[in-house]
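One-based numbering, in listed order, for ligands and for the atoms of each.
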Amino acid sequence: MYTQALDLPGVQATDSAVTEAPCVGFDEKLAADIKIEPSDPMPDAYRKTLIRQISQHAHSEIVGMLPEGNWITRAPTLKRKAILLAKVQDEGGHGLYLYAAAETLGVSRDTMVAALLDGSAKYSSIFNYPTLSWADIGVIGWLVDGAAITNQVPLCRCSYGPYARAMVRVCKEESFHQRQGYDLLVAMMKGSAAQRAMVQEAVDRWWWPVLMMFGPHDQDSVHGATSMKWGIKRFSNDDLRQKFVDATVPQAEVLGVTLPDPDLKWNAERGHYDFGAIDWNEFWQVVKGNGPCNRERMAARIKAHEDGAWVREAARVHAEKKTARQAH
Ligand code: FAQ
């Protein structure tokens, strides 16, 4: 149900549609930078790593609706509420394009959602942090979407066609998200001292978790080297993190906020900003389910899934009736 997959709901990618035969033309296409398409032969491990990354990306978009959704009813003006509603809906749309892209690899939406709900699939660590003030909405747009764009623009050149094409539209929308966040913060920084303090406090809380979004250092990245070899990732985790820091420091200066890192300074020799050590213990705790909001986020997704059971049932009965009518 609700699937464009090549297989049936509940069937694992490893069960079907996996090419055991030699992957004729795969290496040649990669070398020539020609996209791999769903019907092309591809190594089992390439297919699996794409399903893992794309489905986790989709889950991140869907779970990522929750922290901001929390503020829709409390947006300070009609304009800000309309913008936030549109943004949160966009994230839902991104999740759907990404599930559809993963389905072309032979995994069903049902299987992917089940993996999210039983905790076996990951989603981005960043969405396990709370949104405590209105300034968090601006900071999520500026920093979280800013980090997402840095990571996702190169994915538009990913070797797998359906993922690359989905990312083009996602990135255009993320760009609007980033700008609305920055615009919100500029407005607050022009406001009262209390509003400026609220922005600074939000930046202090989000900065380090945002740097963690890019994943572990390259030497600890399990999939990084292989994904780069296959043209799925075009830059390493550390290179993207550095690119993000370099782009963000001048934006913070214009905004008038301080980034909470005493070691952050320009290194003329490297031509990059140096920055302090990331707390990887915190990162892995959050990834393992022990972050401030992991339980709350999963409970919300499980409830949404259960509340939607009647829709799935109605669609199933409708499909059955339609098939029976056609057979008759
Ligand atoms: N959180 O070997 P690597 C957004 C896991 S969307 C949790 O380096 P890889 C839009 C990783 O899965 C944000 N887990 O892995 C938005 C692996 O575990 P596994 C999501 C993480 O795949 C904005 C293990 O650590 N974006 O923000 C994280 O080569 C606002 C070892 O790591 C994407 O998913 C993490 N941060 O590189 C929405 C982009 N980092 O799978 C709403 C696509 C790593 O073996 C509001 N994904 N892990 O169990 C990617 O680019 C890559 O998958 C990385 C990780 C860079 C995330």
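At least one N/O-N/O distance between Met213 and ligand 1 falls below 3.5 Å. Considering backbone and side-chain atoms alike, Ser221 places an N or O below 3.5 Å from some N or O of ligand 1. Residue contacts with ligand 1: Lys122 is placed with a nitrogen or oxygen under 3.5 Å of a nitrogen or oxygen of the ligand (distance criterion only). For ligand 1, the polar-atom distance check against Arg52 finds a nitrogen or oxygen pair separated by under 3.5 Å. Checked by distance only, ligand 1 and Ser125 come closer than 3.5 Å through their nitrogen or oxygen atoms.
Counting only heavy atoms of the protein, atom 45 (O) of ligand 1 lies nearest to His223 NE2, 2.5 Å. For atom 7 (C) of ligand 1, the closest non-hydrogen atom of the protein is Tyr123 O, 3.4 Å. Scanning the protein heavy atoms around atom 37 (O) of ligand 1, the nearest turns out to be Lys233 NZ, 3.0 Å. Considering only non-hydrogen protein atoms, atom 38 (C) of ligand 1 sits nearest to Glu91 OE1, 3.2 Å. Scanning the protein heavy atoms around atom 48 (N) of ligand 1, the nearest turns out to be Phe283 CZ, 4.1 Å. The shortest contact between atom 40 (N) of ligand 1 and any protein heavy atom is with Gly215 CA, 3.2 Å. The shortest contact between atom 12 (O) of ligand 1 and any protein heavy atom is with Gln56 NE2, 3.0 Å. For atom 6 (S) of ligand 1, the nearest protein heavy atom (residue, atom name, distance) is Gln152 NE2, 3.6 Å.
The atoms of ligand 1 that sit less than 4.0 Å from any heavy atom of Asp145 are 23 (C), 30 (C). Close contacts between ligand 1 and Glu174 involve ligand atoms 10 (C) [criterion: under 4.0 Å to a heavy atom]. Counting the atoms of ligand 1 from 1 in the order shown, those under 4.0 Å from a heavy atom of Glu61 are 6 (S), 10 (C), 16 (C), 38 (C). Close approach of ligand 1 to Ser124 (heavy-atom distance below 4.0 Å) involves ligand atoms 1 (N), 13 (C), 20 (C), 36 (N). Counting atoms of ligand 1 from 1 in the listed order, those under 4.0 Å from a heavy atom of Gly64 are 42 (C), 46 (C). Of all atoms in ligand 1, listed by their number and element, those nearer than 4.0 Å to a heavy atom of Val287 are 7 (C), 14 (N). Which parts of ligand 1 touch Met212 is read off a 4.0 Å heavy-atom cut-off, strictly below it: atoms 36 (N). Remark: ligand 1 atoms within the under-4.0 Å shell around heavy atoms of Lys87 are 30 (C), 46 (C).
Arg234 contributes a side-chain N or O that, together with a main-chain N or O of Arg157, makes up a donor-acceptor pair within less than 3.5 Å. Without hydrogens or angle criteria, Gln242 side chain to Tyr273 main chain gives a donor-acceptor distance under 3.5 Å. Looking only at distances, no side-chain donor or acceptor of Arg109 sits under 3.5 Å from a matching main-chain atom of Glu103.
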Q: Output, in order, the C-alpha distance, side-chain angles, deciding distance and verdict of salt bridge (Lys or Arg N to Asp or Glu O under 4.0 Å) for Arg74 and Asp136.
A: CA-CA 12 Å; Arg74 289 177 284 163; Asp136 288 28; over 6 Å; no

(Q) Apply salt bridge (Lys or Arg N to Asp or Glu O under 4.0 Å) to residues Lys243 and Asp246 and explain how you reach the verdict. (A) CA-CA 5 Å; Lys243 204 173 157 64; Asp246 291 347; over 6 Å; no

Q. So Ser236 and Ser221, side-chain contact (heavy atoms from CB on, under 4.5 Å) or not? Walk me through it.
A. CA-CA 9 Å; Ser236 75; Ser221 167; over 6 Å; no

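The part of Pro216 lying near ligand 1 is the side chain, judged by heavy-atom distances below 4.0 Å. By the criterion of a heavy-atom distance under 4.0 Å, the side chain of Asn237, and not its backbone, is placed next to ligand 1. Counting heavy atoms under 4.0 Å from ligand 1, residue Gln53 touches it through the side chain alone. The side chain of Trp284, and not its backbone, has at least one atom closer than 4.0 Å to an atom of ligand 1 (non-hydrogen atoms only; side chain from C-beta on). At a heavy-atom distance under 4.0 Å, no atom of Asp220 approaches ligand 1.
Side-chain contact annotation: His57 with Gln152, donor-acceptor N/O pair under 3.5 Å present. For the 3.5 Å distance criterion, the side chains of Arg205 and Tyr129 fail to qualify, holding no donor opposite an acceptor. Inspection of the His177 and Glu174 side chains reveals an N or O donor paired with an N or O acceptor under 3.5 Å.
The aromatic rings of Trp280 and Phe283 sit perpendicular, their planes meeting at an angle over 60°, well past the 30° parallel limit. Note: Phe244 and Trp207 have parallel aromatic rings, judged against thresholds of 30 and 60 degrees for the angle between ring planes.
At least one heavy atom of Glu68 sits less than 4.0 Å from an atom of ligand 1. Put simply, part of Tyr163 is less than 4.0 Å from ligand 1, judged by heavy atoms.
The nearest protein heavy atom to atom 54 (C) of ligand 1 is not closer than 4.0 Å.
When hydrophobic clusters are built by joining Ile, Leu, Val, Met, Phe, Trp and Tyr residues whose side-chain heavy atoms come closer than 4.5 Å, directly or via intermediates, Phe176 is not grouped with Leu85. Trp230 and Met228 fall into different hydrophobic clusters, defined by Ile, Leu, Val, Met, Phe, Trp and Tyr side-chain heavy atoms under 4.5 Å apart, directly or through other members. Met188 and Val254 fall within a single hydrophobic cluster, where Ile, Leu, Val, Met, Phe, Trp and Tyr are joined by side-chain heavy atoms under 4.5 Å apart, directly or via other members.
The one candidate from Leu66, Asp145, Ile62 that meets the side chain to side chain contact (heavy atoms under 4.5 Å, CB included) condition with Glu91 is Asp145.
Residues Ile126 and Trp206 have side chains in contact (heavy-atom distance under 4.5 Å, counting atoms from C-beta outward).
The nearest pair of heavy atoms linking Lys87 to Gly141 is CE-CA, 4.5 Å.
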